[in-house]
Amino acid sequence: MPREYRTIEEVAGPLMLVREVNDVNYDDLGEIELENGEKRRCKVLEIDGENALVQLFESSAGINLSNSKVRFLGKSLQFGVSQDMLSRVFDGLGRPIDNGPEIIPQKRVDINGLPMNPVARNYPSEFIQTGVSAIDGLNTLVRGQKLPIFSASGLPHANLAAQIARQAKVIGQNQPFAVVFAAIGITFEEANFFVESFKSTGAIDRTVMFINLANDPAIERIATPRMALTAAEYLAFDKDMHVLVILTDITNYADALREVSAARKEVPGRRGYPGYMYTDLASIYERAGRQKGKPGSITLIPILTMPEDDKTHPIPDLTGYITEGQIILSRELYRKGITPPIDVLPSLSRLKDKGIGENKTREDHASTMNQLFSAYARGKDAKELMVILGESALTDMDKLYAKFADEFEKEYVSQRYDVNRPIEKTLDLGWKLLSILPKSELKRISDEFIDKYYDKGR
């Protein structure tokens, strides 16, 4: 039976100091009982001898120092997992908020998880179709990969996240596929958009949702991605499912980390974020992957908004080090009406070569991808030259490339958020655009593929 303490010394905002405690450890859960019998949860942030600094999950209003008591439960935050989680909506602490019944767990799991042994990892190699051409065709997502989306305030990353969650699947196989979607620090309107979007398309049936609102406590925000990954690990490695985890927005998570760090009076690092933020983010991202001997997998798409559109900001900077590439959204493309506004040139999927080709997507995928990148880059250069020197300064070939760049953005990159393009359609669309250029310009594609697909594109 946990021992009760009536030694609350001080309450300051979400923090509370408890004196003269025994056998209490860092990260332990606690329960505060108010004078009127109301109970609130808290978590140990720091232990200094017999003093425990705890952070409350709820408001500190109404806590009377002399009449309130605290008991520590001797365990960290856990989540009760079961296959019944699918089609359910939870808050950031794993409590149902969809008016459905409580989950009867098959087991309770510490949300901090266990790091995957590198020797036990399988290399990511199978293609995941998102239905978004700019990702499937050029920056391919592979099962077990960590591929973040770098966005900025005001850009439609929520629409893209919802689209990927609705459409993603493993093609050519009948293996069970699930989506774990965690929204971190979002507004009520955004939460409503995600829930309604999944319900209206039926995608909710294969989805586990975690919603943490902007007015929820910072400590809950830190728990939300770990709750989501705990659910994903159970579905992937206990139930042999392929799980796609989407976390939005990691910037809100990092800000909560900074808030808690400041409350603990830790020495700040870059831009006020704690020095251990790299390690902390890695403890989330590295839970994705595939394990040897287990058919299931976890593929992770973290979405973050870059403060001031700055790629060198600590959050995107550290995320880029830990993950395998990035999809970058462009404000310039968004102003042009391109949806989704994915800037394909600075975007990169480091594992794209592992998930494409014969028996995975199609034999011509790798060479057409390289040719599209090359032609688009040259077309963008030609358009910049046109702005500086005028159209008359361009050669006829440069004008063709400029036309290609415009058509590529309008037809290939841009697609409505309710359009789901199979990979074959994306590849055929690539050939249609490449047929704007003469065959002699397609230097990155073998003659065999040009003979087979070029005229079909036209």
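Between Asp310 and Arg271 there is a salt bridge, with a side-chain nitrogen of the basic residue lying less than 4.0 Å from a carboxylate oxygen of the acidic one.
Between Phe90 and Phe79, the ring centre distance stays below 6.0 Å.
Qualifying salt bridge (charged side-chain N to carboxylate O under 4.0 Å, His left out) partners for Glu259, counting only residues two or more places apart in sequence or in other chains: none. When the side-chain hydrogen bond (donor to acceptor under 3.5 Å, both in side chains) test is applied to Glu448, no partner is found at least two apart in sequence or on another chain.
Side chains of Thr230 and Arg287: a donor on one and an acceptor on the other come within 3.5 Å.
For the pair Lys360 and Phe127, the tightest heavy-atom approach, listed with the atom from each and the gap, is O-CD2, 4.2 Å. Across all their heavy atoms, Gly100 and Pro96 have their closest contact at O-CB, 4.5 Å. Across all non-hydrogen atoms, the minimal contact from Phe181 to Ala165 is CD1-CB, 4.2 Å. Residues His365 and Gly357 share a closest heavy-atom pair of CB-N, 4.3 Å. Minimum heavy-atom separation, Gly94 to Phe210: CA-CE2, 4.3 Å. Closest approach of Ile436 and Lys403 over heavy atoms only: CG2-CD, 4.3 Å.
Side-chain atoms of Arg226 come within 3.5 Å of backbone atoms of Ile222 as a donor-acceptor pair (strictly under, hydrogens ignored).
By the 6.0 Å contact criterion, CZ on Phe188 is open, its count of non-hydrogen atoms from other residues, nucleotides or ligands being 12 or less. The number of heavy-atom neighbours closer than 6.0 Å to NZ of Lys380, taken from other residues, nucleotides and ligands shown, is above 12.
Remark: Arg258 is positioned above the aromatic ring of Tyr273, its terminal NZ or CZ atom under 6.0 angstrom from the ring centre and at most 45 degrees off the axis.
Counting heavy atoms from C-beta on, the side chains of Phe404 and Leu372 come closer than 4.5 Å.
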